[in-house]
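For reference, the structure is listed below as structure tokens.
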Amino acid sequence: MRYAQINSGRRLHLVCEPGEDYRGEIIRRGYVSAPLCRTSHFKGKYRMTINVPLANACRNCIRVWRASK
């Protein structure tokens, strides 16, 4: 799991890294998945990805991730 930001000033969303299973598909090398919360703001690319949460992660993504365990 990684955190990705869609636009500057927005929350960080949880995304799957290459090699991880995302809704029945394996993510290809060089790509990351769409946000787990399926936000409508996602247009296909991210501003940045990061390994560490910066205290403003999307709570809906966290809820979806915990439910999938």
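Asn60 meets the side chain to side chain donor-acceptor pair (under 3.5 Å) test with Arg63; sequence neighbours excluded. By the salt bridge (charged side-chain N to carboxylate O under 4.0 Å, His left out) test, Arg2 pairs with Glu17, sequence neighbours left out.
Residues Thr39 and Ile6 approach most closely at CG2-CD1, 3.7 Å, considering heavy atoms. When every heavy atom of Thr49 is checked against every heavy atom of Ala4, the shortest pair comes out as CG2-CB, 3.9 Å.
Residue pairs meeting the ring-ring contact (aromatic ring centres under 6.0 Å, His included) criterion with at least one partner in residues 45-69, sequence neighbours excluded, are Phe42-Tyr46. Within the structure, side-chain hydrogen bond (donor to acceptor under 3.5 Å, both in side chains) contacts touching residues 27-37 (residues at least two apart or in different chains) are Arg28-Tyr31. Sorted by first and then second residue, the ring-ring contact (aromatic ring centres under 6.0 Å, His included) pairs with a member in residues 4-27 form an empty list; sequence neighbours excluded.
One hydrophobic cluster, built from ILVMFWY side chains closer than 4.5 Å, holds both Leu12 and Ile27. Note: the hydrophobic cluster containing Leu14 also contains Val64 (ILVMFWY, side chain heavy atoms under 4.5 Å, direct or indirect links). Under the 4.5 Å side-chain contact rule for hydrophobic residues, Ile50 and Ile62 share a cluster.
Between atom CE of residue Met48 and atom OG of residue Ser8 there is a gap of 9.0 Å, rounded to the nearest 0.5 Å. For the atom pair NZ (Lys43) and NZ (Lys45), the distance works out to 12.0 Å, reported to the nearest 0.5 Å. Note: Ser68 OG to Arg23 CZ = 9.0 Å, rounded to the nearest 0.5 Å. Note that the CZ atom of Arg10 and the CZ atom of Arg47 stand 12.5 Å from one another [nearest 0.5 Å].
Taking Ile, Leu, Val, Met, Phe, Trp and Tyr as hydrophobic and joining them when side-chain heavy atoms fall under 4.5 Å apart, one finds Val52 isolated, its cluster having no other members.
Side-chain contact between Leu36 and Val15 is absent, with no heavy-atom pair separated by less than 4.5 Å.
For Glu20 (side chain) and Met1 (main-chain N/O), a donor-acceptor pair under 3.5 Å exists by modelled atom type.
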